[in-house]
Every structure is written in C-alpha cells, then in structure tokens.
Amino acid sequence: MKTKRIIYFLLIITGALIMGAGESYMQKEYALSIGIVLLMFGIYKSTQIWSNGNDGETNEEKDQS
C-alpha cells in the first residue's frame, strides 16, 4: 500500500516539475498539458487512497461503539 502512495506522490512531483521546467525541453503547450495530466492523475489517485482508508477507520469506530 505504501508503494502506491510513493508512486502517486512521484507523479504529482513529476507533473509539477514538467509544468515548471518543461519549457526548456519541449514546447510550452506540451509541457503544460503533460504536466497537468500527471499532476491531476496523481492527486486523483491519492485522494482515492485517502478516502478508502478513512472509510475503513470510521466503520471500525462505529462497530466498536
């Protein structure tokens, strides 16, 4: 489970770096497009992991009450 979090974090960082410094390697439009796709995919998948983890904890807490 932790490896997925690391991969998604790296996607977020890579997307931000491509958006910021990708202009020197490729055209500005392509750098921004690729960067935003990686950034948004990483954020989306990270929030799915967080929401799944939080649901499990709240259900366990409800069962104990």
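Atom set for the values below is all heavy atoms of this structure, side chains included, hydrogens, waters and symmetry mates excluded.
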Original post:
By side chain to side chain contact (heavy atoms under 4.5 Å, CB included), which residues pair with Leu32, not counting sequence neighbours?
Top reply: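 Residues passing side chain to side chain contact (heavy atoms under 4.5 Å, CB included) with Leu32: Met19, Lys28.
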
Original post:
What are the two closest non-hydrogen atoms of Ile12 and Ser46, and how far apart are they?
Top reply: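 Closest heavy-atom pair between Ile12 and Ser46: CD1-OG, 4.0 Å.
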
Original post:
Considering all heavy atoms of both residues, which atom of Gly22 and which atom of Ala31 are nearest to each other, and what is their separation?
Top reply: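 Smallest heavy-atom distance, with atoms named: C-CB, 3.7 Å.
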
Roughly how far, to the nearest 0.5 Å, is [atom2] of [Y] from [atom1] of [X]?
X: Ile13; Y: Ile6; atom1: CD1; atom2: CD1; value: 13.0 Å
X: Lys4; Y: Gln48; atom1: NZ; atom2: CD; value: 10.0 Å
X: Trp50; Y: Lys45; atom1: CH2; atom2: NZ; value: 14.0 Å
X: Thr47; Y: Ile43; atom1: OG1; atom2: CD1; value: 8.5 Å
X: Tyr25; Y: Ile34; atom1: OH; atom2: CD1; value: 14.0 Å

**OP:** State whether the number of non-hydrogen atoms from other residues, nucleotides or ligands found under 6.0 Å of Met40 atom CE is greater than 12.
**Re:**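 Atom CE in Met40 is not packed in, count stays at 12 or less.
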
Would [X] end up clustered with [Y] when hydrophobic side chains under 4.5 Å apart are linked, directly or stepwise?
X: Ile49; Y: Phe41; answer: yes
X: Leu38; Y: Met26; answer: yes
X: Tyr44; Y: Leu11; answer: no

